[in-house]
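Data block below; observations after.
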Protein chains: 2
Amino acid sequence: MEKGQVTIRDIALKLNISISTVSRALRGMADVNADTKKRVLEMARELNYEPNQIAQSLRSNRTNTIGIIVPDVQVHFFSSIVSGIQKVASKVNYNVLFCQSGESYQTELNNLKALIASRVDGLLISLSRETEDIEHLLRVQQKNIPLVLFDRISDDIDTSKVDVSDTDGAFKAVKYLIDTECRRIAYLAGPKNLTISNKRMEGYLHALRAAGITPDEELIVHCNSLKEDAAGATAQLLSLNNKPDALFCVNDPVAIQAIQVIKKHNLKIPEDISIIGFTDDPVSALIEPALTTVAQPSHEMGQCAAKLLIDQIKGYDGTSRTVTLDTKLVLRNTTKLLNP
Amino acid sequence: MEKGQVTIRDIALKLNISISTVSRALRGMADVNADTKKRVLEMARELNYEPNQIAQSLRSNRTNTIGIIVPDVQVHFFSSIVSGIQKVASKVNYNVLFCQSGESYQTELNNLKALIASRVDGLLISLSRETEDIEHLLRVQQKNIPLVLFDRISDDIDTSKVDVSDTDGAFKAVKYLIDTECRRIAYLAGPKNLTISNKRMEGYLHALRAAGITPDEELIVHCNSLKEDAAGATAQLLSLNNKPDALFCVNDPVAIQAIQVIKKHNLKIPEDISIIGFTDDPVSALIEPALTTVAQPSHEMGQCAAKLLIDQIKGYDGTSRTVTLDTKLVLRNTTKLLNP
DNA sequence: ATGAAAGCGCTAACAG
DNA sequence: CTGTTAGCGCTTTCAT
């Protein structure tokens, strides 16, 4: 066995039959003598034979492998998506080639190159924060490689996409704040070019206007590198003459930062100031006070994206479509109770 | 381009030269006419050529791909390891095929089969909780596929391994509890067959004995399915006539469960009862009180395992060795301060 | 029911 | 410097 892995040739030689017969027997094709077939299968097991998928792929031009690129799998939201993808894929015998862009456009490019070279049957991508130009995605399409974008999607390309109802989620959150008597509601936003941040802003503005509240520029603050700036941005809001009485945050980490700062200022949550986040990170239920947040179905998102892609690969569905999953407002202790 | 991806043959035809020349030019081999080479490279770019790694792999018998199996990537500890692995691998142009066992032995077996069929150059595995028999790993070795185990390792196989100093970490934790005047220290253990849980128990016992404290069977409670049973186990300890004054927990999720229960019993942490966890999950710093815990360098663990494997693949090092990474006691607010 | 042979895309002798 | 050829392991005609 020193010569590496066992091949159908080894089996054929041992049994003194041709490799085509072995191949046929192994795949359970109809026109093989029952006895031959039995002997082949036995020998295969005895020699611990595993089919060489590389050879199969070269022949069939299909690898049964899909590629994923996410910014950073250490972020729970993404690991949950990746988990969903992998489970769906493995159920239908697809392998998953896994890459991280680390929020770098250049790395995303390199990842993509590697995945294309590996001849993945399809691609699942959540764009890096740096990515603005999507030329590389167009090149994927030219090569007829099925592509599904998720979460960090782009409007500049016509392909299948999975996202969540950001705008509606934000609307529901801000509406709840208004319904619980908050009037000066601030938005702790993400970078100005981040699509999801802008969509959430839309929902925020829409909810304010629907309640007859005029948005105040002063109350919208952008954090450039999400985590780091959040504390500063919060401090800035708290130093206003006319302080906010609620904070809607672009995501949970920002909200958690905000909570820390607010606590230091000795303000009571939610009596003095209410807070709502976005994502429903597992941490959010455990901190104190437990964070009210707009939950995104991350695991489901992964599953949905994977299904969409595999359907496309198998040619069940050639049209590109966008699936928008629902968000849900999870009420916890950083918001006041609704008076019935 | 309807015919799928571009091959060196397409380039050769367009340029009216042989495919071997194209192959040589593409790989920048010395003995190619500078002009020919230039024309090949230009044409390659023009046609958007990407080398077919499948074909290369079949020829070279190397895929430049490593396989990972982890129980569940949604657990931060594992996603952090996976992240470390992927970064190291991509730096040296290795792809990562990613699988999850979901703590199921059967799924682990299936994953392994798929990865072997994909002819990965090496394997990185953290065993499922169900896995007791390691026959499948021996078969991997018979096939001469380099294998590195990490975190959930097995003593029954001679291969490279990466783990952390569980015993020493536990010792440090329990010693700290003793040094801060705790005397009745309980151990909230994991399943009885879980290696890491047992190693941590050793450290626990060792620290007690070193301080002249006789271990009390009553104070060692096993949780079978880590998360679910923790609450019950804690309640059980609190109902003892002679209650514990400290809790050493097999991991952070268990510790966090314990904290909830203790709070409900209106006991003060750490005044009435101290708690120490294991892992340093990101949550642990954010809960209240912030959890004192034994930190495991998860990201580093991934990097280390990947390096070990790749060295082995490249034949730099054929011997199997075990790397034990250091743990660190991170003091937070579930333990008392040390009196100087 | 089985075998022989071609070919998937690429690399590596071996010739020229 | 370049072309020809064989072959990696497998599937699939096409014969027999």
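All chains are named by letter (A, B, ...) in the order of the sequence lines, taking the proteins before the strands, and each is independently numbered beginning at 1. Computed from a prediction, not measured in an experiment: that's the story for all the values here.
Using a 4.0 Å heavy-atom criterion, one finds that A/Ile17 contacts the sugar-phosphate atoms exclusively. Looking at heavy-atom distances under 4.0 Å, A/Asn52 makes contact with sugar-phosphate atoms alone, never a base. At the heavy-atom level, B/Arg27 lies under 4.0 Å from the strands shown only through sugar-phosphate atoms. Note on B/Asp31: a base of the nucleic acid sits closer than 4.0 angstrom, heavy atoms only. Backbone-only engagement by B/Thr36 is indicated by non-hydrogen atom pairs under 4.0 Å involving sugar-phosphate atoms exclusively.
Proximity of A/Gln56 to the phosphate of D/dG9: no side-chain N or O atom is located under 4.0 Å from OP1 or OP2. Distances shorter than 4.0 Å separate some side-chain N or O of A/Ser23 from OP1 or OP2 on D/dT11. Considering only side-chain N and O atoms, B/Tyr49 lies under 4.0 angstrom from the phosphate OP1 or OP2 of C/dC10. Taking side-chain N and O atoms only, B/Thr21 has no distance below 4.0 Å to OP1 or OP2 of D/dT2.
Regarding A/Arg62, its CZ atom lies at a distance of 13 Å from the C1' atom of D/dC10, rounded to whole Å. Between the NZ atom of B/Lys37 and the P atom of D/dT2 there is a distance of 12 Å, rounded to whole Å. Distance CG (A/Asn33) to P (C/dG3): 11 Å, rounded to an integer number of Å. Atom CZ in B/Arg59 sits roughly 11 Å away from atom C1' in C/dG9 (whole-Å rounding). Going from atom CZ of A/Arg39 over to atom C1' of C/dT2 covers 12 Å, rounded to whole Å. Taking atom CD1 of B/Ile11 as the reference point, atom P of C/dT11 lies 11 Å away to the nearest angstrom.
Without hydrogens or angle criteria, A/Asp72 side chain to A/Gln100 main chain gives no donor-acceptor distance under 3.5 Å.
Between the two ends of the helix from C/dA1-D/dT16 to C/dG16-D/dC1, each summarised by a five-pair axis, the helix axis turns through 50° (rounded to 10 degrees).
Ring geometry for B/Phe98 against A/Phe98 counts as tilted: the plane angle lies between 30° and 60°, on a 0 to 90° scale.
Of the residues near DNA chain D, B/Leu58 and B/Ser20, the one whose nearest nucleotide (by heavy atom distance) lies more toward the 5' end is B/Ser20.
Legend: residues meeting salt bridge (charged side-chain N to carboxylate O under 4.0 Å, His left out) with B/Glu103, ordered by chain and number and at least two apart, are B/Arg129, B/Arg152.
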